[in-house]
Amino acid sequence: MIRILGIETSCDETAAAVVADGRQILSSIVASQVDLHARYGGVFPEVASRAHVETIYPIIRDAMEAAFLGWDDLDAVAVTRGPGLVGSLLVGVNAAKGLALGRQLPLIGINHLEAHLYSAWLMEDAEALTFPLLGLIVSGGHTELVLMTDHGAYQRLGGTIDDAAGEAFDKVARLLGLSYPGGPAIDQAARNGDAAAFRFPRAWLDDSYDFSFSGLKTAVMRQVDRLAGQPTGLPVADLAASFQEAVVDVLVTKTARAAEAFDVTGAIVAGGVSANRALRASIRDKVSRPVYIPPLELCTDNAAMIAACGFWRFQAGQRDGLEMDVDPSLPLV
Ligand code: KG4
Ligand code: ZN
């Protein structure tokens, strides 16, 4: 059995986890900084790296204790080296390097976007995963549609040309006066709203596999301006539901089309926005192949996905030296 310690500090979650054979979570600890950043309405980079410095070692210790393992039981340390905030990434990578050196463990640098896809291998029905697979990664910083032809082998089909899907949720939430982080707040508000109340634009971009959400955000802003000052107040639930519907419509339509065009065996939906209730329901309904969406706690940032990805990288022979550097804009393909 191969046991890998995963470490994740790319944004505002400090996380450590131990995973066996890329499939079985022995422990997974996530410390969210959401409360620290809420007052700024977004992630404040300096605050994030300071908080990572304070929590990373206790979190790693907790993950080892929860897995009932000693350092000798580990086979490698896997850590996110990008993409993400440079100061935050450095905290995780330096902690991993310290462990690799001090405990004589192989060091494996991981791409955060690739790791989001590997959260699917932590699901109960993961034996069914066979290539080629489609991957939709929708997070706060990224929106990517990729074809996965084998472990570690990707072809980029498209991605956002402006705002990421999660970023659009966060910005629109702010316009609607909802709390940070915006995705869960819109998801919640939309439940009491009418998705047909407002017809917001969809950017189809000539039927490519690219996405654009900035026009949608502007349309919501104009609508909010128009409605402002109404005696009844802003119809937040209807606006949230109509906005969410527009995002989900484009994400699902393009994913369904790609699933057919590339004749994939299934589609993995990953990243923070895959926690969205409307997206989960619609994509299961409209994509004609099996859809793999990890449970909520594996959709948002965590270290179990880093360790799961690390297992496949370990099997493929990847070993990084102590000179390994962070890369804030590391692409998936
Ligand atoms: O993957 P993630 O945890 O961090 C990044 O790598 O960016 O994604 C965070 C993003 C945020 O923009 C957040 O608003 C969004 O995921 N998000 C959601 C939901 N939960 C989190 N968006 C829509 N609906 C949700 N339920
Ligand atoms: Zn993420």
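Start at 1 and go down the list; that is how both ligands and their atoms are numbered. It should be emphasised that the depicted structure is a prediction, and the values quoted were computed from it without experimental measurement.
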Participant: For D72, does the CG atom have more than 12 heavy-atom neighbours from other residues, nucleotides or ligands under 6.0 Å away?
Facilitator: no

Participant: Check the angle between the aromatic planes of H151 and W121 and answer parallel, tilted or perpendicular using the 30° and 60° thresholds.
Facilitator: tilted

Participant: Among protein heavy atoms, which sits nearest to atom 17 (N) of ligand 1, and what does the distance come to when rounded to 0.1 Å?
Facilitator: G272 O, 3.5 Å

Participant: For this output row, return yes or no: ring centroids of F243 and F198 closer than 6.0 angstrom.
Facilitator: no

Participant: List every atom of ligand 1 that sits less than 4.0 Å from any heavy atom of G141, numbering the atoms from 1 in the order shown and giving each element.
Facilitator: 7 (O)

Participant: With heavy atoms only and a cut-off of under 4.0 Å, state how D187 meets ligand 1: side chain, backbone, both or neither.
Facilitator: side chain

Participant: Please answer whether the main-chain N or O of G109 pairs with a side-chain N or O of D320 as donor and acceptor at a distance below 3.5 Å.
Facilitator: yes

Participant: Using a 4.0 Å cutoff against the non-hydrogen atoms of H116, which atoms of ligand 1 qualify?
Facilitator: 1 (O), 6 (O)

Participant: Hey, which atoms in ligand 1 end up nearer than 4.0 Å to a heavy atom of H112?
Facilitator: 6 (O)

Participant: Note the single closest protein heavy atom to atom 11 (C) of ligand 1, along with its residue, its atom name and the distance in Å.
Facilitator: D170 OD2, 3.6 Å

Participant: Side-chain contact, heavy-atom cut-off 4.5 Å: L74 with L99?
Facilitator: no

Participant: Closer than 3.5 angstrom, by distance alone: can the side chain of S27 be matched with the main-chain N or O of A17 as a donor-acceptor pair?
Facilitator: no

Participant: A quick test of your reading: do over 12 heavy atoms of other residues, nucleotides or ligands sit less than 6.0 Å from CD of E124?
Facilitator: no

Participant: At less than 4.0 angstrom from any non-hydrogen atom of S139, what atoms of ligand 1 do you find?
Facilitator: 1 (O), 5 (C), 6 (O), 7 (O), 8 (O)

Participant: Under 4.0 Å between a side-chain nitrogen and a carboxylate oxygen: does that hold for K171 and E167?
Facilitator: yes

Participant: Are D210 and K254 close enough, and set up right, to give a salt bridge (Lys or Arg N to Asp or Glu O under 4.0 Å), and what steps lead you there?
Facilitator: CA-CA 9 Å; D210 283 330; K254 294 201 179 215; over 6 Å; no

Participant: Just which atoms of ligand 1 are under 4.0 Å from any heavy atom in G140?
Facilitator: 5 (C), 7 (O), 8 (O), 9 (C), 10 (C), 12 (O)

Participant: Counting each atom of ligand 1 from 1 as listed, which ones have a heavy atom of G166 under 4.0 Å away?
Facilitator: 12 (O)

Participant: Does N276 approach ligand 1 within less than 4.0 angstrom via side chain, backbone, both or neither, non-hydrogen atoms only?
Facilitator: both

Participant: For the Zn ion (ligand 2), check which protein N, O or S atoms are under 2.8 Å away and list them.
Facilitator: H112 NE2, H116 NE2, D301 OD1

Participant: Between N302 (side chain only) and A304 (backbone N and O only), is there a donor and an acceptor less than 3.5 Å apart?
Facilitator: yes

Participant: Pairs of nitrogen or oxygen atoms closer than 3.5 Å, one from D301 and one from ligand 1: do any exist?
Facilitator: yes

Participant: Please list the nearest protein heavy atom to atom 18 (C) of ligand 1 with its residue and the distance rounded to 0.1 Å.
Facilitator: G183 CA, 3.4 Å

Participant: Could you tell me whether the side chain of S274 and the main chain of C299 form a donor-acceptor pair under 3.5 Å?
Facilitator: no

Participant: Give the ring-plane orientation class for H112 versus H116, where under 30° counts as parallel, over 60° as perpendicular and anything between as tilted.
Facilitator: perpendicular

